[in-house]
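Note on naming: letters A, B, ... go to the chains in the order of the sequence lines (proteins, then strands), and numbering restarts at 1 for each one.
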Amino acid sequence: MKLAAWNVNSLKVRLPQLLDFLATRQPDAVCLQETKLTDDNFPVAELEAAGYRVAFAGQKTYNGVALVSRSELTDVSVGIPGYEDEQKRVIVATVDGVRLVCVYCPNGQSLDSDKYPYKLAWFDALAAWLKDELARHPKLAVLGDYNVAPEDRDVHDPEAWKDSVLVSAPERDRFRNLLALGLQDSFRLFEQPEKTFSWWDYRMMGFRRNHGLRIDHILLSAPLAAACTAASIDRDMRKLERPSDHAPVVAEISLPA
DNA sequence: ATGGCGCCACATTGGCGA
């Protein structure tokens, strides 16, 4: 089972690239973030024509998440249960016996922004819910844009980024809280090239200079981590014309049929 | 010292992302 997560930064703009990604990489399921589409504008027909089923939760202008899967999506739900939030950041479904949680975690903007405490509280609500969800679904994956670079090796210039949003200690604590639930960072299950990132600033030739961060992750519960055979970041997608600022992250899992 | 790109919307500038 090949899983991917990709912050598309507008599905309207990136739909041709997504269709090409599905055709060439042949993932079984993809979790999308920042679709920036209301549900009435979601490209259902195009994705179904490509052989995929879809589940989505969008809003105007900002946020928006979706699941794209070859197999049927069952038990779909939107949002963190019991956590009131207008922002469409979570959608979850079961695919071939695997629970897929698609997340677009808040950015936080800056440490002195109102959005920063919202981010921390949001992560606390996510962790509390995932604890229950893991108990119900041992085979569980949490995929998406976490807006946290977990360690200094996930940052192109740790000194320059020190104590800023996306790397601050409270944010990294929240990420570690997710790991403490029994989830594992699939990327780190394998040896990886140094300075591998998943996001690069559009400005200042960020990609060419590899001025990036690794903030998109696929976390796996123990049974899935044990079955994980590969994990990578598809940085070729960042080389395309009109790219998203994020590259897809990928994990392959070998489950018994 | 600042902003630098890209996307969106009751648009021709500002909010937001990261």
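With sequence neighbours left out, the salt bridge (Lys or Arg N to Asp or Glu O under 4.0 Å) criterion links A:E46 to no other residue. In this view, A:E133 and A:R99, A:R136 satisfy the salt bridge (Lys or Arg N to Asp or Glu O under 4.0 Å) rule, not counting sequence neighbours. Take A:H211 and apply the ring-ring contact (aromatic ring centres under 6.0 Å, His included) test, not counting sequence neighbours, and it matches A:H156. Taking A:F42 as the reference, A:F56 meet the ring-ring contact (aromatic ring centres under 6.0 Å, His included) condition, with sequence neighbours excluded. The ring-ring contact (aromatic ring centres under 6.0 Å, His included) check on A:Y62 picks up nothing, with sequence neighbours excluded.
Using atom P as the reference point in both B:dC10 and B:dG15, the two lie 15 Å apart (nearest Å). Taking atom C1' in both B:dT12 and B:dC7, one finds a spacing of 15 Å when rounded to whole Å. A distance of about 24 Å separates the P atoms of B:dA1 and B:dG14, rounded to the whole Å. For B:dA11 and B:dG6, the C1' atoms lie 15 Å apart once the distance is rounded to whole Å. Comparing B:dT13 with B:dT2, their P atoms sit 23 Å apart, to the nearest whole Å. Between the P atoms of B:dG3 and B:dC8, the separation comes to 24 Å (whole Å).
The environment of CD in A:E84 is sparse: at most 12 heavy-atom neighbours from other residues, nucleotides or ligands sit within 6.0 Å.
A salt bridge links A:D152 to A:R172: at least one charged side-chain nitrogen sits closer than 4.0 Å to a carboxylate oxygen.
Within the structure, every side-chain polar atom (N or O) of A:R242 is placed at least 4.0 Å from both OP1 and OP2 of B:dC5.
Stems are defined here as 3 or more consecutive Watson-Crick or G-U wobble pairs with pairing distances under 3.5 Å; those involving DNA chain B are B:5-9 with B:13-17.
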field: Contact letters for nucleotides 10-18 of chain B, in which S counts primed atoms plus P, OP1 and OP2 and B counts the base, heavy atoms under 4.0 Å
entry: S----BSBB
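The CG-C1' distance, from A:N41 to B:dA9, rounds to 14 Å in whole Å. If you measure from atom CE of A:M205 to atom P of B:dC5, you get 11 Å, rounded to the nearest angstrom.
Screening residues 224-234 of chain A for side chain to side chain donor-acceptor pair (under 3.5 Å), with sequence neighbours left out, gives A:R25-A:D234. For residues 186-198 of chain A, every residue pair satisfying the salt bridge (charged side-chain N to carboxylate O under 4.0 Å, His left out) rule, not counting sequence neighbours, is listed here: A:D154-A:R188.
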